[in-house]
Amino acid sequence: MPELPEAEVVRRGLDAWVRGRTVTGVEVLDARSVRRHDGGAADFTSRLAGARVTAVARRGKFMWMPIARPGETMPSSALVAHLGMSGQLLLQDHELPDPRHLRVRIGLSEAAGMPAELRFVDQRIFGGLRLDPLISTGDGLPGGFGAEDPLIPVSAHHIARDVLDPVWTPRGFHRAVTQSAGGRPRMTGIKRAILDQGLISGVGNIYADEALWHARLHYEKPAHTLRPKQSEDLLEALIEVMERSLEEGGTSFDSLYVNVNGESGYFSRSLQAYGRAGQACGRCGRLIVREPFMGRSSYRCPHCQRRRRLQRSHS
DNA sequence: CAGAAGACCTGCCTGC
DNA sequence: TGCAGGCAGGTCTTCT
């Protein structure tokens, strides 16, 4: 399952190998993978062919490549990619057999020692590609990691700043978590809040559970009840789990395989809560429990992450 | 408007 | 063996 750290590994790989190259041809093998592109597969193909990739940027799990179309000096649109649950962007030689679940093939201009094709592979088709106009971020800051200009694709404009974005401060995060748009108290549970990509982006189910475990918070704790220290701990935990995962997952990709395989070392070694139902909590030894949540699962320690904090006695 | 729920997908696993 | 059902889950749409 690609989450933010995996997406960043992919971004770095693409930045090194695809930036500056021109699209020589496009083949959409499964139209569902471009279903979010407004004009359909034929329009996607014709508009992408001949375009030059000028950068590779990312915000949360949205990735995009600004493209300059023939006659353009500056990119006005971008190839937007979301990996969904099972998406991969592979850089491979044309001679290599098509991988299982290959959905879109993008041919690239020749470059010394570099593979000729960018391949979008996606088993479950939750991910996809599309072409979108670039618009202003509105805040004057670069659109995301790898972006130099304050531009972002239309389809990612509603996505909040990334967990690893330096714009986050403890105070800003506290306000974002405890208050909704109009300054009203945010009544929903804290896990729903941090999974809301319009509040902070890049957090998925796994890292949400991990960060909540580190911060000793119950996932249903009403977001508006977080005290500044609690939201500060939570932000710190989010950044910590992302950065550690990035370190461990970022070591295992080679030049010909711009990879996301969902099996970074982090997943097997460092998870404290997610997927550990029935196993001992690393802090207190109580058994981690799995509970239904939002149609899926939440994992927590029933001792460290209680719904209500213990009342402190001053006697 | 905030929040909740369902839809979209395939492959793997379990139970009958 | 075969089949049904559960599970995984990010985002988009629809409903309250």
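Numbered from 1 within each chain, the chains take letters A, B, ... in sequence-line order.
First and last contacting nucleotides of DNA chain B toward chain A (any atom under 4.0 angstrom from a heavy atom, 5' to 3' order): dC1(B) to dG11(B).
Listed by chain and residue number, Lys191(A) satisfy the salt bridge (Lys or Arg N to Asp or Glu O under 4.0 Å) test with Asp209(A) (two or more places apart in sequence, or in another chain). Partners of Lys61(A) by salt bridge (Lys or Arg N to Asp or Glu O under 4.0 Å), not counting sequence neighbours: none found. Judged as a salt bridge (Lys or Arg N to Asp or Glu O under 4.0 Å), and not counting sequence neighbours, the contacts of Arg19(A) are Asp15(A), Glu148(A). Checked against side chain to side chain contact (heavy atoms under 4.5 Å, CB included), Arg276(A) has the following partners two or more places apart in sequence or in another chain: Gln279(A), Ile288(A). Remark: Ser231(A) engages His174(A) in a side chain to side chain donor-acceptor pair (under 3.5 Å) (not counting sequence neighbours).
Applying the 4.0 Å criterion to OP1 and OP2 of dG6(C), one finds that Arg290(A) has every side-chain N and O outside that range.
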message: Using a 4.0 Å heavy-atom cut-off to protein, can you give one letter per nucleotide of nucleotides 11-16 of chain C, 5' to 3': B if the base is in contact, S if only the sugar-phosphate is, - if neither?
response: SS----
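Its side chain outside the 4.5 Å cluster rule for every partner, Met74(A) clusters with none of the Ile, Leu, Val, Met, Phe, Trp and Tyr residues. Taking Ile, Leu, Val, Met, Phe, Trp and Tyr as hydrophobic and joining them when side-chain heavy atoms fall under 4.5 Å apart, one finds Val80(A) in a cluster with Phe62(A), Trp64(A), Leu134(A), Ile135(A), Leu151(A), Ile152(A), Val154(A), Ile159(A).
Evaluation of the side-chain hydrogen bond (donor to acceptor under 3.5 Å, both in side chains) test over residues 120-135 of chain A, restricted to residues two or more places apart or in two chains, returns Ser86(A)-Asp122(A), Asp132(A)-Ser155(A).
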For residues 162-172 of chain A, dump all side-chain donor-acceptor pairs below 3.5 Å to protein atoms at least two apart in sequence or in another chain.
from, atom 1, to, atom 2, distance (Å)
Asp162(A), OD1, Leu164(A), N, 2.9
Asp162(A), OD2, Arg58(A), NH1, 2.6
Asp162(A), OD2, Gly60(A), N, 2.6
Asp165(A), OD1, Val167(A), N, 2.9
Asp165(A), OD2, Arg161(A), NH1, 3.1
Trp168(A), NE1, Arg161(A), O, 3.4
Trp168(A), NE1, Asp162(A), O, 2.9
Thr169(A), OG1, Gly172(A), N, 2.9

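With the end axes of the helix from dA2(B)-dT16(C) to dC16(B)-dG2(C) each set by five pairs, the angle from one to the other reads 50° at 10° resolution.
Residue Arg184(A) is in sugar-phosphate contact alone, with no base atom involved, counting any heavy-atom pair closer than 4.0 Å across all strands shown.
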